[in-house]
Amino acid sequence: MPTLPTVAIVGRANVGKSTLFNCLVEEKKALVSPVAGTTRDRQEGYVLWRGHVIRVLDTGGLDIKHPDDIEREIIRQTDLATKEADVVLLLLDAGVGPMEFDRELYRRVQKLHKPVVIAANKCDTKPAKRQSSADWRFPGGEPTRISSIRGEGTGDLLDHLFELFEKLGKPPAPQSEVIPVRVAMIGKPNVGKSSLLNSLLGEERFITSPVAHTTRSPNDVRTEHDGHSYIFIDTAGIRRRVSREYTPMLEKAGVEQTRATLRRTDVVLFVIDATDAIGVQEKVLAGEIADSGAGVIIVVNKWDLVEEKKTGTINTYQERILDHLPMLAFAPLMFVSAKTGQRVARLFAAIGEVQKTRFSEFDDEAVEAFLRQAIARHRPTKGMGTAPPKIMGMRQIGTAPPTFVIAVKSRHTKKLHTSYVRYLENRLRETFELSGVPVRLVVKAVAS
């Protein structure tokens with residue numbers, strides 16, 4: 001793992017450091033309580049933002065004026081954290097404004113000769129809204145106003161921190177180098193999921209280890225390959241068939257299990273049997289996968305059992321599979337044999353490419369240029385109205401999966417046909433090479 005740029009959150013007791021920490025790392029890792037002094041030890045976590053990662057340290061609240069035994073230990077922990085960090089984040093309480101204690105703490109961390117970023121938490125509270133700009137005169141400048149409990153302003157704060165790390169020559173690390181890619185093998189029974197997993201982990205003799213408390217299944221495994229980490233999620237329990245009979249209860253249970261797995265998945269290896277026809281079960285699973293937002297690779301297993309293969313056999317299979325699974329037309333296909341190991345090792349590179357694509361970002365100018373070209377090539381039809389819908393603009397609003405908003409003149413919103421939205425999605429894939437990931441387009445009404 002590369003050395004990550006690190007920020008330490010410091011501040012007096014009960015300003016919301018642990019709440020901010022949990023907000024940034026997107027999990028309830030630090031204990032949060034209205035009782036001052038709840039956090040006594042350092043907490044360490046990783047912050048993922050725009051496809052890159054930094055390290056964050058949470059510290060105990062300080063009361064330098066009256067240091068009892070516990071406070072002395074908190075001060076020691078904070079000193080260690082700030083010495084270890086590249087940037088110090090001083091958190092204040094927006095409801096009361098800067099106090100003399102905050103100024104004293106600012107002077108203390110300044111002695112480390114490290115950049116100090118100041119943020120004022122709880123900006124959504126009524127006391128904070130009554131504060132004037134004059135109340136925020138502070139030696140380090142006016143703080144960034146945030147609400148860690150609601151997430152307000154935290155994006156701007158992260159943008160500022162990431163830019164600061166870049167200027168320090170300690171850029172945040174790409175996600176693929178730090179956070180394991182969570183890969184789920186999904187498919188109906190007997191398509192060879194377990195054999196494929198064994199081929200990936202066993203025959204190639206990768207370094208593997210069980211990951212405690214990472215998932216709900218005790219059989220999930222972590223592996224390292226070419227400097228990248230992966231967690232393979234065991235989906236052996238996704239079975240909806242007893243003997244040869246289906247029941248509505250089993251059908252529903254299988255779908256729910258699939259959804260639970262997909263909620264913790266980055267990339268799906270959708271395994272199908274090259275020697276078996278595609279049926280209803282595959283189509284149901286494919287629909288759930290397509291709706292999940294995860295990246296997808298269709299893995300056609302048992303390719304060694306296909307007899308009399310010719311030059312065009314793979315093309316024939318591709319057409320047949322995509323004809324039955326049009327909802328996954330964006331997914332690349334890989335033809336493998338878990339038994340012989342044919343092309344199995346190539347799955348790692350394919351997973352990495354799909355995961356990277358999930359976090360693709362495109363600036364507003366590139367997206368607007370794309371939109372102009374797409375409209376010039378094919379204008380939206382007028383449909384039931386007297387004039388064609390007027391598209392005002394388009395921009396990206398999210399990643400994993402890439403998500404875009406299409407701004408349409410308010411009285412024309414309902415006239416933008418779904419077929420035109422699909423056209424824009426297909427053109428986006430061609431222009432920006434978004435293979436293996438779903439693309440979400442949101443149509444939004446705007447005033448003219």
Side-chain angles (χ1 to χ4, degrees), residues 4-11 15-30 32 43 45-58 85-95 115-125 128-129 131 133 136 140-168 170-176 178-179 266 293 356 358-368 393-407 439-442 444 446:
L4 295 176
T6 301
V7 57
I9 306 173
V10 301
V15 295
K17 296 186 299 302
S18 294
T19 305
L20 176 59
F21 176 86
N22 288 339
C23 175
L24 295 180
V25 302
E26 297 184 294
E27 61 177 296
K28 293 183 179 180
K29 191 171 183 179
V32 177
Q43 292 278 352
Y46 301 97
V47 180
L48 173 63
W49 183 244
R50 302 189 186 279
H52 289 74
V53 180
I54 64 173
R55 180 167 163 255
V56 60
L57 302 175
D58 182 25
D86 302 297
V87 172
V88 178
L89 173 58
L90 173 58
L91 194 62
L92 313 178
D93 185 338
V116 181
V117 174
I118 309 170
N121 192 25
K122 308 180 186 179
C123 69
D124 56 322
T125 61
K129 292 175 181 178
Q131 296 280 336
S133 58
W136 286 101
E142 188 169 339
T144 301
R145 295 172 67 83
I146 66 170
S147 169
S148 54
I149 199 167
R150 293 188 178 183
E152 295 175 5
T154 54
D156 292 337
L157 177 61
L158 286 172
D159 281 340
H160 179 47
L161 286 169
F162 275 52
E163 290 171 5
L164 184 54
F165 284 126
E166 290 282 356
K167 291 178 181 177
L168 292 172
K170 298 180 179 180
Q175 180 196 17
S176 60
V178 181
I179 299 177
D266 297 313
K356 181 179 178 181
R358 292 181 71 233
F359 288 90
S360 297
E361 290 189 55
F362 310 101
D363 59 44
D364 292 347
E365 290 184 5
V367 176
E368 286 292 340
M394 182 176 176
R395 65 187 178 88
Q396 186 176 7
I397 59 171
T399 61
T403 305
F404 301 82
V405 62
I406 306 169
V439 173
R440 290 179 177 167
L441 298 179
V442 181
K444 182 180 179 181
V446 296

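Worth knowing before you read on, the calculation uses all heavy atoms, side chains too, and leaves out hydrogens, waters and symmetry mates. Throughout, numbering of the chain's residues begins at 1 and tracks the sequence. Bear in mind that the values here come from a model prediction, so they are computed numbers and not experimental data.
- Note that CG of Leu20 is 12.0 Å distant from NZ of Lys122, once rounded to the nearest 0.5 Å.
- The shortest distance between side-chain heavy atoms of Arg150 and Cys23 does not fall below 4.5 Å.
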**OP:** List the steps and the verdict of side-chain contact (heavy atoms from CB on, under 4.5 Å) for Val116 and Leu90.
**Re:** CA-CA 7 Å; Val116 181; Leu90 173 58; 4.2 Å; yes
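- Of all heavy-atom pairs between Thr144 and Gly153, the closest is CG2-O, 4.4 Å.
- Residues satisfying the side-chain contact (heavy atoms from CB on, under 4.5 Å) criterion with Val367, sequence neighbours excluded, are Phe362, Met394, Phe404.
- Expressed to the nearest 0.5 Å, how far CG of Leu57 lies from CZ of Arg55 amounts to 4.5 Å.
- A distance of 4.5 Å separates CG in Leu168 from CG in Leu164, rounded to the nearest 0.5 Å.
- Leu48 places a side-chain heavy atom less than 4.5 Å from the side chain of Phe359.
- Listed here is the closest heavy atom pair of Pro402 and Arg358: CD-O, 3.7 Å.
- Listed by chain and residue number, Leu89, Leu91, Ile146, Leu157 satisfy the side-chain contact (heavy atoms from CB on, under 4.5 Å) test with Ala119 (two or more places apart in sequence, or in another chain).
- For the pair Val56 and Asp58, the minimum side-chain heavy-atom distance is 4.5 Å or more.
- Partners of Ile149 according to the side-chain contact (heavy atoms from CB on, under 4.5 Å) rule, which considers only residues two or more places apart in sequence or in another chain, are Thr19, Asp124, Ser147.
- For Ile397, the side-chain contact (heavy atoms from CB on, under 4.5 Å) partners are Arg395, Thr403, Val405, not counting sequence neighbours.
- Here Lys356 pairs with nothing under the salt bridge (charged side-chain N to carboxylate O under 4.0 Å, His left out) rule; sequence neighbours left out.
- Going from atom OG1 of Thr6 over to atom OH of Tyr46 covers 8.5 Å, rounded to the nearest 0.5 Å.
- Scored by the salt bridge (charged side-chain N to carboxylate O under 4.0 Å, His left out) test, Arg50 finds Asp159, Glu361 as partners (sequence neighbours excluded).
- To the nearest 0.5 Å, atom CG of residue Leu4 and atom NZ of residue Lys170 are 12.0 Å apart.
- Note: Phe165 CZ to Asp86 CG = 5.5 Å, rounded to the nearest 0.5 Å.
- Nearest heavy atom pair, residue Ser148 against residue Gly16, reads OG-O, 4.0 Å.
- For Pro172 against Phe162, the heavy-atom pair with the smallest separation is CG-CD2, 3.4 Å.
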